[in-house]
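Worksheet: one structure, shown below.
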Amino acid sequence: MITKEAPAAAPAPAPAAPAPTRPGKKRPAWDEVPRWQIYLPLGIYLVFTLIPFYWILLFAVRPAGSTSLVPWPMTTEHFEKVWTDRGFGTYFTNSVYVGLATLVMTTLVALAGGYALARFDFKIKRVFMLALLCSQFVPGALLLVPLFEIFAGLQMINSLGSVIIAETVFQLPLSIILISNFIKNVPYSLEEAAWVDGCGRFRAFRIVVLPLLRPGLIAVGSFAFVHSWNHFLFALMFLNNQHKQTIPVGLNSLMSADSVDLGALAAGGIVAAVPVVIVFAFIQKWLITGFSAGAVKG
């Protein structure tokens, strides 16, 4: 029997060549950018940033009447003058007291308020959050008259307690919002597991949640401390006694309508700035971690 062979399968068509692409300019990667294009703008920015600091240091350490641009010979007469004659030792102590007390009070109240906002639901929760946000648009100068009337009725004028309370009230809205976001980032299941193990709500919060809030607490506390350290308005309005004044008011007292002692003013500025710089140098890592954690909702 004669059979016909099946016709051979046709060869598969060759794949079409890719259409030629129009050559374009390749965007250089970050590591391919010439280093001078990075360092030059940063260097210019650094120079403009450091020149004012160098100028302040120059006036603070060179002798009075000198016009040299190099701080040599160096002297400490301006620091001795502001620390002893102008009372900056007392101002420094008062500022430390106000800053630490504001830090503690703001952190404790914000911790309680932030936990309530993060873990509980109540009818006016959204309204309360909106009120906290809107309070940030109110300038501190508008609070002077009502706060002065309140403190006068409580006989707290010319007391450091009035400044501490005013600074705490001014810092609380933002601090509560930040702490609330920090707590929301902590899983609620961790607290529930602690409750199952026999812990109460407060103990579960202290053992489980509070250690995880360390970056956030440092961020909120440092922000409250620095703001109260540098704030001028409340201390000026509520404190009349020179021995109760803080550093910002002390710096203002170095300037008069007739003349300004630039050496003493520069030395006082360094005395005011160095503690804040030291604090930020130690808490920099925690501060960045805390603000980045509180900036998003968990």
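Side chains are part of it too, since the values below use all heavy atoms of this structure and drop only hydrogens, waters and symmetry mates.
- More than 12 heavy atoms of other residues, nucleotides or ligands sit less than 6.0 Å from atom OH of Tyr188.
- The shortest side-chain heavy-atom distance between Phe225 and Thr102 does not fall under the 4.5 Å cut-off.
- Between Phe234 and Phe238, the angle of the ring planes stays under 30°, which puts this pair in the parallel group of the 30/60° scheme.
- No donor-acceptor pair closer than 3.5 Å links the side chain of Asn252 to the backbone N or O of Pro248.
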Per-pair distances, 0.1 Å, donor-acceptor, side chain in residues 91-101, under 3.5 Å, sequence neighbours excluded:
unit_1	atom_1	unit_2	atom_2	d
Tyr91	OH	Gln242	NE2	3.2
Thr93	OG1	Gly89	O	3.0
Asn94	ND2	Thr90	O	3.3
Asn94	ND2	His243	O	2.9
Asn94	ND2	Gln245	O	2.8
Ser95	OG	Tyr91	O	3.1
Ser95	OG	Ile247	N	2.9

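- Other residues, nucleotides and ligands place more than 12 heavy atoms under 6.0 Å from the CZ atom of Arg201.
- Between Leu217 atom CG and Leu178 atom CG the span is 11.0 Å, to the nearest 0.5 Å.
- Under the salt bridge (charged side-chain N to carboxylate O under 4.0 Å, His left out) criterion, Arg119 pairs with Glu191, not counting sequence neighbours.
- Contact between Leu239 and Lys244 at its shortest, heavy atoms only, is CD1-O, 3.0 Å.
- A distance of 13.0 Å separates CD1 of Ile157 from CG of Asn241, quoted to the nearest 0.5 Å.
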Please evaluate residues Thr76 and Glu80 with respect to the criterion side-chain hydrogen bond (donor to acceptor under 3.5 Å, both in side chains), reporting the C-alpha separation (whole Å), side-chain torsions for both, the decisive distance (0.1 Å), and the verdict.
CA-CA 6 Å; Thr76 60; Glu80 296 172 358; 3.2 Å; yes
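- Side-chain contact between Leu40 and Ile44 is present, with heavy atoms from C-beta onward closer than 4.5 Å.
- Counted within 6.0 Å of OH on Tyr45, heavy atoms from surrounding residues, nucleotides or ligands total 12 or fewer; the atom is thus considered open.
- Atom-to-atom distance recorded for Phe170:CZ and Ser175:OG is 11.0 Å, nearest 0.5 angstrom.
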Before you tell me yes or no, could you show the steps for Phe182 and Leu212 under side-chain contact (heavy atoms from CB on, under 4.5 Å), namely the whole-Å CA-CA distance, both residues' side-chain angles and the distance that decides it to 0.1 Å?
CA-CA 9 Å; Phe182 297 143; Leu212 300 177; over 6 Å; no
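- Using a 4.5 Å heavy-atom cutoff, the side chains of Ile270 and Phe79 are in contact.
- Judged as a salt bridge (Lys or Arg N to Asp or Glu O under 4.0 Å), not a single pair has a partner in residues 153-176 (not counting sequence neighbours).
- Contact between Asn158 and Asn240 at its shortest, heavy atoms only, is OD1-N, 2.9 Å.
- Residues Leu117 and Leu132 form a side-chain contact, since some pair of their non-hydrogen atoms from C-beta on lies under 4.5 Å apart.
- Taking each heavy atom of Pro275 and Trp229 in turn, the nearest pair found is CG-CZ2, 3.9 Å.
- Counting all heavy atoms, side chain and backbone alike, Ala118 lies closest to Lys184 at CB-CG, 3.8 Å.
- Here the CD1-CE distance, from Ile165 to Met105, works out to 6.0 Å after rounding to the nearest 0.5 Å.
- Cluster annotation: Val274 and Ile56 are assigned to the same hydrophobic cluster (Ile/Leu/Val/Met/Phe/Trp/Tyr, side-chain heavy-atom contacts under 4.5 Å, transitive).
- Under the 4.5 Å side-chain heavy-atom criterion for ILVMFWY residues, a single connected hydrophobic cluster contains both Trp55 and Leu57.
- Using a 4.5 Å cut-off on side-chain heavy atoms (C-beta onward), Val163 and Phe151 make no contact.
- With contacts defined as side-chain heavy-atom distances shorter than 4.5 Å, the pair Cys134/Leu130 qualifies.
- Put simply, Ile164 and Leu147 are part of the same group of oily side chains (I, L, V, M, F, W, Y) that touch within less than 4.5 Å, one to the next.
- Hydrophobic clustering, with ILVMFWY side chains joined whenever heavy atoms are under 4.5 angstrom apart, keeps Phe202 apart from Phe120.
- A heavy-atom distance below 4.5 Å is found between the side chains of Ile183 and Leu213.
- For the pair Arg62 and Phe59, the distance from NZ or CZ to the six-membered ring centre is under 6.0 Å and the angle to the ring normal is within 45 degrees.
- Atom CG of Leu103 and atom CG of Leu108 lie 9.0 Å apart (nearest 0.5 Å).
- For the side chain to side chain contact (heavy atoms under 4.5 Å, CB included) with Leu111, the qualifying choice from Ile176, Leu210, Thr106 is Leu210, the only one to do so.
- Going from atom CG of Leu154 over to atom CD of Glu149 covers 11.5 Å, rounded to the nearest 0.5 Å.
- Considering all non-hydrogen atoms of both residues, Phe148 and Met237 come closest at CE1-O, 3.8 Å.
- Of the possible donor and acceptor atoms, none in the side chain of Thr107 sits under 3.5 Å from a partner among the backbone N and O of Val104.
- Residues Tyr54 and Leu46 do not share a hydrophobic cluster, defined by chaining ILVMFWY side chains whose heavy atoms lie under 4.5 Å apart.
- In this structure the side chain of Arg214 reaches within 4.5 angstrom of the side chain of Ile218, judged on heavy atoms.
- Minimum interatomic distance between Gln171 and Ala224 (heavy atoms only, all atoms of both residues): OE1-CA, 4.0 Å.
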